[in-house]
Novice: 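The structure is given below, and queries will be raised subsequently.
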Amino acid sequence: MEVLTINNVWMMLCTALVFFMHLGFSLLEVGLTRQKNAINILFKNVFIICSGLLIYSLIGFNLMYPASFLYGIIPDYFLGLFGIQAPMVEGFLDLTYNEGYTFYTDFLFQGMFAATAATIVSGAVAERIKLSSFMIFAMVYLAIVYPIAGSWKWGGGFLDELGFYDFAGSTLVHSVGGWAALIGIYLLGARLGKFDKNGISQAIPGHNIPLATAGVFILWLGWFGFNGGSVLSADPSLTSITLVTTCLAAAAGGISAFLFSTFRYKNYDLTMFLNGILGGLVGITAGADQMSPTDAVLIGLVSGVIIVLGVALIDKLKLDDPVGAVPVHLICGIWGTLAVGIFGNLAGWDQFFKQLAGVGVIGAFCCISALLIFYTIKSTLGLRMDGLSETEGLDLHEHGMDAYAEFGVIQEK
């Protein structure tokens, strides 16, 4: 009972840290976008955590961790989503996929992860998507797509049987959100003024880089819970090495992105530095418990370079990602997942191809699902705000509010 209590307290602490990450995402997105859309960004982030927890309690948790699968692919709870109770014995976990902490602690920890996937999409589609359309997408994606994808590995599905490894979600959380973000920005199109008449990308600076910086530091802190909690116990050796590899990869990713972007663009770009840190964190997440400190540094260094090249690639493809969500969460998520087969305890060609298969399967499923959801919304309610609303700001047209009302009054005087 003492070990159970220690494990449970550690898991609850990690749950709190992952919850705190949602403040980090909020500040990062607000800081990297324009003042006129600040309330819209914050509203989406508040909505995601509130609706995400409710949806995950009603549908997602039981769907993600089913008792069995139909044909090894479809969780059996898919045929009876509502009113299903996961098996419990006196309030403690009694499912085959894990043990050592209470059922309710497990639900809350996993629920925080679920909300993260939708938050990734929020930043990518910022400043031009209709709020109602985004909310519908987020609810459907969290209710169905995220838990089914997660069930294939973490719920004991066919990817787990294959030997695919994703410790804390480089693919199952970050790429799941990243694929949806990519589909969303493709269907939405770029913000007004992002590309000139010749198709050349124009910078649209964020309005508060100090807020964005604070957001990244909060996210880094939250990753102690994201990866540390994924050990699923308070085991001293496993939690220690996991936190060390997480921090080293983050630091290496930041330094790598800063140096490479300075070499490429001849300036010290703080936003590249910040996204490099996040890229390193996403990159290490798939194998944080399997890597040595040296492996973690190498993964982070590559992640930083990926961030710089990924941002350039997104611009070249005429896509508009205001916060760099696709390079950070999708591309670095893919890299981190494949890195499990290149570095660390599981390295080998056999594992590499298992990782590649997992990336391909999850990518195909998420792209098709996101395309169906987004396209249905686009064909019915519409996805994008009109030009006037986008020009004057979503805060005014969607919320009738100003994030910096007092500042506006002072400016007018």
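All of these numbers come straight from a predicted model, not from anything done at the bench.
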Novice: Please determine if K266 forms a cation-pi arrangement with F263, meaning its NZ or CZ atom is less than 6.0 Å from the six-membered ring centre and no more than 45° off the ring axis.
Specialist: yes

Novice: Between W223 and T285, is the side chain to side chain donor-acceptor pair (under 3.5 Å) condition met? List the steps.
Specialist: CA-CA 9 Å; W223 239 282; T285 293; 2.9 Å; yes

Novice: Which heavy atom of M291 sits nearest to which heavy atom of V340, and what is that distance?
Specialist: CE-CA, 3.8 Å

Novice: How are the rings of H22 and F25 set relative to one another: parallel (under 30°), tilted (30 to 60°) or perpendicular (over 60°)?
Specialist: tilted

Novice: How many angstroms lie between CD1 in I183 and CG in L188, if you round to the nearest 0.5 Å?
Specialist: 11.5 Å

Novice: Within this structure, what is the CZ-CE distance for the pair F134 and M139, rounded to the nearest 0.5 Å?
Specialist: 10.5 Å

Novice: Are W152 and F365 close enough that their ring centers fall under 6.0 Å?
Specialist: yes

Novice: I would like to know whether L371 and W179 meet side chain to side chain contact (heavy atoms under 4.5 Å, CB included); could you show each step before the answer?
Specialist: CA-CA 10 Å; L371 183 62; W179 288 116; over 6 Å; no

Novice: Is the closest basic N to carboxylate O distance between E127 and R34 below 4.0 Å?
Specialist: yes

Novice: Can you say whether the rings of F273 and F258 are parallel (under 30°), tilted (30 to 60°) or perpendicular (over 60°)?
Specialist: parallel

Novice: Do the rings of Y141 and F137 sit parallel, tilted or perpendicular, given the 30° and 60° boundaries?
Specialist: parallel

Novice: Apply side-chain contact (heavy atoms from CB on, under 4.5 Å) to A117 and list each qualifying residue two or more places apart in sequence or on a separate chain.
Specialist: Y146

Novice: Would you indicate whether F195, at its atom CZ, is surrounded by more than 12 heavy atoms from other residues, nucleotides or ligands within a distance under 6.0 Å?
Specialist: yes

